[in-house]
Amino acid sequence: MNPEQLVTKWVKEAVKNIYGEGATDNLFQTQATRKEFEGDITAVIFPLLKFSKKSPEITGDQIGSYITSNYKEIESYNVVKGFLNIKLTDEYWMDVFNTIASTQDYGQLPQSGKSVMVEFSSPNTNKPLHLGHIRNNLLGWSVSNLLKANGHKVIKVNLVNDRGIHICKSMLAWQRLSGKETPQNSGIKGDHLVGKYYVAFNDMLVKEVEELISQKVPREEAEKQAPILKAAQEMLVKWEKGDREVFELWEKMNSWVYEGFEKTYKRMGVSFDKIYYESQTYLLGKELVKEGVVKGVFSEKADGSVWCDLSADGLDEKLLLRADGTSVYMTQDLGTAHQRFSEYNLDEHIYVVGNEQNYHFQVLKLLLKKLGYEWSNNLYHLSYGMVELPEGRMKSREGTVVDADDLIENMVTTARETSLELGKLDDMPKEEKEQLFEMLGLGALKYFIIKVDPKKTMLFDPKESIDFSGNTGPFIQYTHARIRSILRKAEEQKLQAKITDSKINPREREIIKLLTNFPDKIREGGIDHSPAIIANYAYDLAKEFNQYYHEVSILKEEDINIKVQRLILIDTISAVLRKAMGILGIQLPERM
RNA sequence: GGCCUCGUAGUUCAGCUGAAUAGAAUGUCAGAUUCCGGUUCUGAAGGUCGGGGGUUUGAAUCCCCCCGAGGUCACCA
């Protein structure tokens with residue numbers, strides 16, 4: 001039971017005994033006491049006035065004196081306006097702290113028995129990953145870890161969009177312009193190479209369109225009639241028919257891309273339990289649609305296309321099968337959802353997908369519900385906002401897309417430059433230094449993106465890059481390194497970790513209070529799947545430690561009991577930091 | 001136009017299920033430290049929480065209207 005719950009229980013009992021009334025839970029509110037007042041936990045008295053029929057001050061005083069005389073954990077209380085501030089004893093806090101310090105893997109919640117699938121990343125194979133994918137990947141990865149910390153079994157999946165007209169565009173341009181350039185002979189990373197030809201295709205297309213327009217063809221017509229576009233469409237038809245030559249080229253170029261993606265994923269530190277390919281799943285869902293027609297949920301039009309009328313739900317009519325019987329995006333998603341739930345017996349399925357697809361997922365849930373699948377309630381769209389640049393949204397046409405690999409490289413370079421300038425790492429081996437810069441660069445990037453509420457559009461300014469001080473990943477990394485260094489020194493002095501005293505100073509109290517909150521933060525973050533809560537928590541803890549560090553000299557105290565006690569405290573802080581940052585996928589260095 | 005989301009210091013972001021004087025970081029300014037600083041420390045200024053109503057003992061938070069930004073309403077995925 002955490003302190004707030006404890007206080008709630010006491011106050012509830014006090015009200016019952018003093019005023020003879022029981023009341024509903026939501027009338028009992030507690031909060032952490034504000035710093036400017038004395039106390040640890042504050043009970044809000046206003047809602048209880050209807051029982052006491054007295055002023056807030058008198059009511060607070062009555063309740064305060066009752067619980068203080070009945071519970072030994074309370075040291076003192078005071079009443080300010082309608083707030084009853086309760087100060088708990090040092091013994092109580094030390095007791096709480098001892099429990100925390102001796103808990104293995106503190107913050108890990110017990111097994112829930114639930115399994116959750118998280119789908120994220122979901123790239124197209126015609127171009128490299130960009131900044132938007134980074135937000136997606138980091139969210140997917142950290143949410144997965146957060147759910148694990150909540151005790152769920154998590155299956156991370158990636159649905160790769162490896163087929164369609166966009167892939168054919170890259171293939172066609174490669175055929176026409178080169179026909180022999182490979183990642184090996186050009187030294188270009190596979191996904192970037194394919195992306196290069198995708199850009200080349202669009203250049204050729206623009207040229208052809210301009211030419212048609214100069215021949216007095218209307219723009220709209222020209223954009224549809226351009227020969228190179230026709231050729232790409234033909235290629236797609238060939239692919240669908242299983243044309244061997246096209247298929248082999250497709251396999252070859254996709255394999256380049258996968259190799260490239262793999263490198264990026266690895267550097268970012270993300271991985272998947274299973275990768276789905278659309279080329280293998282795009283036919284799924286047709287059966288479901290037919291089933292829906294039989295059930296009368298969907299309807300077939302005269303031309304043979306199948307629709308679902310959602311106007312009663314305030315939405316539009318939605319196409320599910322084309323007149324020629326081929327499927328669309330929605331059809332496929334119906335199929336894959338169904339397949340996954342039956343294959344894995346899932347309790348929940350989370351899609352990490354940008355908010356431009358809110359409508360799609362709203363419809364997806366609704367359709368499955370109409371088909372009678374109860375589990376449609378357990379589909380969750382983790383919708384995140386765009387990452388915008390100072391000049392606005394990223395646009396591939398205007399070349400303002402921030403490439404993921406470039407960005408990561410820049411971050412690491414910046415980390416290297418700023419660290420070397422400070423010149424504190426001179427005695428560190430070269431290899432270890434490089435590892436450190438990698439940690440710092442990625443830590444800065446990851447934290448910067450994760451700490452923002454997912455649903456909000458966020459701004460990223462590449463010119464200013466990212467700070468390494470203030471509310472940042474490196475600040476937390478630095479704090480951790482400092483703690484480890486203190487602990488190393490303590491080891492040299494052969495201090496044994498054992499608590500023998502129960503005296504704590506105010507700052508230590510604050511830290512223990514923060515530590516007490518950690519499981520709640522995990523739980524909170526698990527419910528709305530937001531790692532941002534964990535990120536901000538870790539920052540608060542690190543900051544609190546730094547202030548503590550400035551106030552007391554951890555190793556210089558004469559009294560060995562105090563020394564040792566502080567060591568255990570900061571050791572616990574570093575353990576919690578590791579757990580929190582582990583959830584976010586941010587590594588913490590031992591020294592820096 | 002319909003539907004969805006967002007609007008908090010100069011800037012980037014917190015603010016949980018309503019509660020005490022709305023918080024950080026960064027930037028600005030002023031001091032201190034030093035060979036000089038991009039280092040460190042201390043302090044200050046900076047907000048009618050987009051605007052207006054309502055509910056409430058109490059609203060940045062809940063409800064309604066308006067304004068502004070973005071997204072979406074494809075036989076693309």
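Every chain is numbered from 1, with letters handed out A, B, ... down the list of sequences. Worth saying up front: this structure is predicted, and the values here are computed from it rather than measured.
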- Pairing string of RNA chain B (Watson-Crick or G-U wobble, both atom distances under 3.5 Å; | = paired to other strand) is (((((((..((((.....[...)))).(((((.......))))).....(((((..]....))))))))))))....
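For Leu459(A) and rG70(B), the CG to P distance is 14 Å, given to the nearest whole Å. Gln29(A) places its CD atom 11 Å from the C1' atom of rG58(B), with the value rounded to the nearest Å.
Applying the side-chain contact (heavy atoms from CB on, under 4.5 Å) rule to Leu205(A) yields the partners Phe201(A), Asn202(A), Val209(A), Ala226(A), Ile228(A), Leu229(A); only residues at least two apart in sequence or on another chain are considered. By the salt bridge (charged side-chain N to carboxylate O under 4.0 Å, His left out) test, Lys127(A) is found to be paired with no residue, residues two or more places apart in sequence or in another chain being considered. Residues satisfying the salt bridge (charged side-chain N to carboxylate O under 4.0 Å, His left out) criterion with Glu223(A), sequence neighbours excluded, are Arg219(A). Val157(A) pairs by the side-chain contact (heavy atoms from CB on, under 4.5 Å) definition with Met117(A), Glu119(A), Ile155(A), Lys274(A), Tyr276(A), Arg340(A), not counting sequence neighbours. Residues that satisfy the side-chain contact (heavy atoms from CB on, under 4.5 Å) test with Val44(A), not counting sequence neighbours, are Gln29(A), Gln31(A), Phe46(A), Pro47(A), Phe83(A). Contacts of Ser76(A) classified as side-chain contact (heavy atoms from CB on, under 4.5 Å), with partners at least two apart in sequence or in another chain: Lys87(A).
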Between protein and nucleic acid, restricted to nucleotides 4-7 of chain B and to nitrogen or oxygen atoms under 3.5 Å apart, what atom pairs and distances do you find?
{"residue": "rG7(B)", "atom": "OP1", "partner": "Lys456(A)", "partner atom": "NZ", "Å": "3.4"}

Please write out the pairs of protein N or O atoms and N or O atoms of nucleotides 73-77 of chain B separated by less than 3.5 Å, giving the distance to one decimal.
{"residue": "rC73(B)", "atom": "O2'", "partner": "Asp316(A)", "partner atom": "OD2", "Å": "2.2"}
{"residue": "rC76(B)", "atom": "OP2", "partner": "Arg322(A)", "partner atom": "NE", "Å": "3.0"}
{"residue": "rC76(B)", "atom": "OP2", "partner": "Arg322(A)", "partner atom": "NH2", "Å": "2.7"}
{"residue": "rA77(B)", "atom": "OP2", "partner": "Tyr329(A)", "partner atom": "N", "Å": "3.3"}
{"residue": "rA77(B)", "atom": "O3'", "partner": "Glu278(A)", "partner atom": "OE1", "Å": "2.3"}
{"residue": "rA77(B)", "atom": "O3'", "partner": "Glu278(A)", "partner atom": "OE2", "Å": "3.2"}
{"residue": "rA77(B)", "atom": "O2'", "partner": "Asn161(A)", "partner atom": "ND2", "Å": "2.8"}

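Between Arg507(A) and Glu510(A) there is no salt bridge, since no side-chain nitrogen of the basic residue lies less than 4.0 Å from a carboxylate oxygen of the acidic one.
Look at the C1' atom in both rA24(B) and rG15(B): the space between them is 10 Å, to the nearest Å. Comparing the same atom, P, in rG50(B) and in rA14(B) gives a spacing of 14 Å after rounding to whole Å.
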Taking distance alone, no hydrogens or angles, what donor-acceptor pairs closer than 3.5 Å link side-chain atoms of residues 321-328 of chain A to residues at least two apart or in another chain?
{"residue": "Arg322(A)", "atom": "NH1", "partner": "Thr326(A)", "partner atom": "OG1", "Å": "3.0"}
{"residue": "Arg322(A)", "atom": "NH1", "partner": "Ser327(A)", "partner atom": "O", "Å": "3.3"}
{"residue": "Asp324(A)", "atom": "OD1", "partner": "Thr326(A)", "partner atom": "N", "Å": "2.9"}
{"residue": "Asp324(A)", "atom": "OD1", "partner": "Thr326(A)", "partner atom": "OG1", "Å": "2.6"}
{"residue": "Ser327(A)", "atom": "OG", "partner": "Tyr282(A)", "partner atom": "O", "Å": "3.0"}

- Nucleotide by nucleotide, nucleotides 20-30 of chain B touches protein heavy atoms under 4.0 Å in the pattern (B base, S sugar-phosphate only, - none) BS-SSSS----
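Applying the ring pair (Phe, Tyr, Trp, His ring centres under 6.0 Å) definition to pairs two or more places apart or across chains, those involving residues 317-338 of chain A are Tyr329(A)-His360(A), His338(A)-Tyr373(A).
A distance below 6.0 Å separates the ring centres of Tyr258(A) and Tyr277(A).
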